[in-house]
There are 2 protein chains.
Amino acid sequence: MQDSQTSETTQKAIEETIVSGILSARIRPGTRLSENQLATLFGVSRTRVREAMMRLETRGIVHVSPRRGWFVVEPSAEEAIAVYEARRVIEAGLLRSMRVLTGAGREALDAHLNEEKSAMTAGDRQRLTYLMGDFHIRIAELSGNAIIVDILRDLTARTILISMLYQSEFHAAQSHDGHCRIFQAMQASDFGRAAELAVEHLDEVEMGLDLTARPDPLSELRSSLSLPPRSVSSTIGPKKP
Amino acid sequence: MQDSQTSETTQKAIEETIVSGILSARIRPGTRLSENQLATLFGVSRTRVREAMMRLETRGIVHVSPRRGWFVVEPSAEEAIAVYEARRVIEAGLLRSMRVLTGAGREALDAHLNEEKSAMTAGDRQRLTYLMGDFHIRIAELSGNAIIVDILRDLTARTILISMLYQSEFHAAQSHDGHCRIFQAMQASDFGRAAELAVEHLDEVEMGLDLTARPDPLSELRSSLSLPPRSVSSTIGPKKP
DNA sequence: GCTTTCTGTCTTGTATGCAAGATAGCCAGA
DNA sequence: TCTGGCTATCTTGCATACAAGACAGAAAGC
């Protein structure tokens, strides 16, 4: 990254720092993001930090609790399900829409799968988390469609937050196998099959979650008092904490 | 809409006012959105207006030209193609993932198609534009997935902007027919067919565009000077006007 | 010991002020 | 008439000041 431009770059830098921190599992869900601290850290005023937070909120990455602070989102079980559902829809649709796997695309995915493998043997879990998410972004990049890439990057970030909350064990080998199978189908130009495999793969990962586990520990009490469930908030809709 | 809450609501109100203005084709691409004017209009300071603009920029609805102003986006031909491609991917994926059409869903779509018909006979073009886009959002709503609804709403807004730039004639009857066919396939629980029809429908609408027409009137000059083409910017990436 | 209240501190919410770039229009000069 | 430059004005960019809610911890009352 270049540091020459001061203006315009900083807000995006804050955004990307946080997103990439999540993508590589260095930032946990629920992490507090203090406007003042970030401002000091990046050497800017709160104004710019707030702008970055607003953008990240729109992207479903952080949320604000009024006058309490900004926090990295902790997706509820319902939200987690919605994220996986959205990914299945989009990734399956994407693969099914593909017609060819170019040579460059084949090489990119092949190189990526090799990286996954070496990270597995090295036991580098943080890097592995990053790579496991990045595989799906790489596939999106093959389409050359920046819109879809952006959407899937944000959904992947949310997925990683979900994993940190609900995933007890990390079945890296299983995920890697899933990726390899998808790649094989793509190499065979059987994109319908690749789409099916992607859905299965995401199902597998979702099934590996314990969605009764962490957040909303009040759910039992809540239901026994027959209060409304935690809102499956839209990325836009008003939050009521 | 309620007006009781002042805080928290206003920024969202600005956002939604603009988005719904676009969805109903009352706001044209390239419209200037002055921070000061909006601030006066909504009775708030520029700060809040700026926050709303930042969010809308993230959503791909507006963009800022540094120290010149905020403008409703004018998608380039490349961006237009990307938007349609993204919609095909997501809407086809969505329909294919459906398993049942509930009674309530059937009624909602049926009512919607009747509205389309009456707007056609009434010749209410603005309302028709809104309804034609809204059909696709209604389908997304059937999934109950707020993430997908939000994504498709923003893509629909962009689609309408694209129409206003590149669509010479408005083939409302053709679009309405397309919607009816999709609905029929859904009623027959043939969601694979519905997905195919949705792709065809979007193709038809895209083909009806004259993508050599409006923006970037300098494209000839640009290419004859062998300057780089207008960037197919991501929704996030830096804009270079 | 337990509860309640109060107060100091920390957080974000919002407005405002100033800086600096962009633009349009005028004016002068050739 | 056309060109070049100047200036007045308008725009956003960014920092800062202050308001106001949330919270923790101390103090007071029982």
Side-chain angles (χ1 to χ4, degrees), chain A residues 3-18 27 30-59 61-74 218 233 236-241, chain B residues 3-18 27 29-74 218 233 236-241:
Chain A
D3 232 23
S4 51
Q5 302 178 11
T6 335
S7 67
E8 172 87 22
T9 309
T10 319
Q11 300 95 324
K12 305 292 169 65
I14 300 172
E15 261 186 279
E16 288 319 306
T17 301
I18 290 168
I27 300 179
T31 302
R32 183 199 197 111
L33 299 171
S34 156
E35 290 183 3
N36 270 321
Q37 287 179 18
L38 287 173
T40 306
L41 223 53
F42 283 88
V44 296
S45 79
R46 278 178 52 217
T47 308
R48 293 218 245 172
V49 174
R50 270 182 79 78
E51 289 177 357
M53 291 298 119
M54 297 281 167
R55 288 189 158 99
L56 286 174
E57 189 181 36
T58 305
R59 295 168 64 182
I61 308 286
V62 307
H63 79 113
V64 64
S65 181
R67 311 218 184 242
R68 288 191 356 100
W70 294 91
F71 301 88
V72 175
V73 294
E74 298 179 273
L218 303 177
S233 66
I236 305 295
K239 307 271 165 60
K240 313 209 172 131
Chain B
D3 230 24
S4 51
Q5 301 179 9
T6 333
S7 68
E8 171 90 18
T9 309
T10 319
Q11 300 94 323
K12 305 294 171 63
I14 299 173
E15 263 186 277
E16 289 318 306
T17 301
I18 290 168
I27 299 179
T31 301
R32 178 191 203 119
L33 299 170
S34 156
E35 290 183 4
N36 270 321
Q37 287 179 17
L38 287 173
T40 306
L41 223 54
F42 284 88
V44 297
S45 80
R46 279 178 51 219
T47 309
R48 296 219 243 170
V49 175
R50 272 182 78 77
E51 288 177 357
M53 291 297 120
M54 298 279 168
R55 288 188 156 99
L56 287 173
E57 190 182 35
T58 306
R59 295 169 64 182
I61 308 286
V62 307
H63 79 112
V64 63
S65 181
R67 311 219 185 241
R68 286 191 357 98
W70 294 91
F71 300 89
V72 175
V73 294
E74 298 180 272
L218 302 177
S233 66
I236 305 296
K239 307 274 166 62
K240 313 210 172 128

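Just so we're on the same page: letters track the sequence lines, and every chain starts at 1.
- The side chain of A/T47 lies closest to D/dA15 when the candidates are C/dT16, D/dA15, D/dT11.
- Taking the side chain as every heavy atom from C-beta outward, A/R50 and B/E51 approach each other to under 4.5 Å.
- Atom C1' of nucleotide D/dT9 and atom CG of B/N36 are separated by 13 Å, given to the nearest angstrom.
- We find the CZ-CD1 distance between B/R59 and B/I18 to be 10.0 Å, quoted to the nearest 0.5 Å.
- Nearest to the side chain of A/V64, among C/dT12, D/dT12, C/dT11, sits C/dT12.
- A donor-acceptor pair is defined here as one N or O able to donate and one able to accept, closer than 3.5 Å; no such pair exists between the side chain of B/T31 and the backbone of B/I27.
- Protein atom CZ of A/R32 is 10 Å distant from nucleotide atom C1' of D/dC23, rounded to whole Å.
- Rounding to whole angstrom units, CD of residue B/E51 and C1' of D/dG13 are separated by 15 Å.
- Of the candidate nucleotides C/dG13, D/dG13, C/dT11, C/dT11 has the atom nearest to the side chain of A/S34.
- Counting to the nearest Å, the C1' atom of D/dC14 and the CD1 atom of A/I14 are 12 Å from each other.
- Put simply, A/R48 has a side-chain N or O that comes within less than 4.0 Å of OP1 or OP2 on D/dC14.
- Between the P atom of D/dC14 and the CE atom of A/M53 lies a distance of 16 Å, rounded to the nearest Å.
- When the nucleotides D/dT12, D/dA15, D/dC18 are ranked by their closest atom to the side chain of A/S45, D/dA15 comes out on top.
- Between the CZ atom of B/R46 and the C1' atom of D/dC14 there is a distance of 10 Å, given to the nearest Å.
- A donor-acceptor contact under 3.5 Å links the side chain of A/R67 to the base of C/dT12.
- A straight line from NZ of A/K12 to C1' of D/dC14 spans 16 Å, rounded to a whole angstrom.
- The distance between atom CE of A/M54 and atom C1' of C/dT14, rounded to the nearest whole Å, is 10 Å.
- Put simply, the residue from B/L33, B/L56, B/V49 that forms a side chain to side chain contact (heavy atoms under 4.5 Å, CB included) with B/W70 is B/L33.
- Put simply, CD on B/E15 and CD1 on B/I61 are 9.5 Å apart, with the number rounded to the nearest 0.5 Å.
- Sequence order on DNA chain D of the closest nucleotides to A/V44 and B/W70 puts B/W70 first from the 5' end.
- Using a 4.0 Å cut-off, no side-chain N or O of B/R68 falls inside it from OP1 or OP2 of C/dG21.
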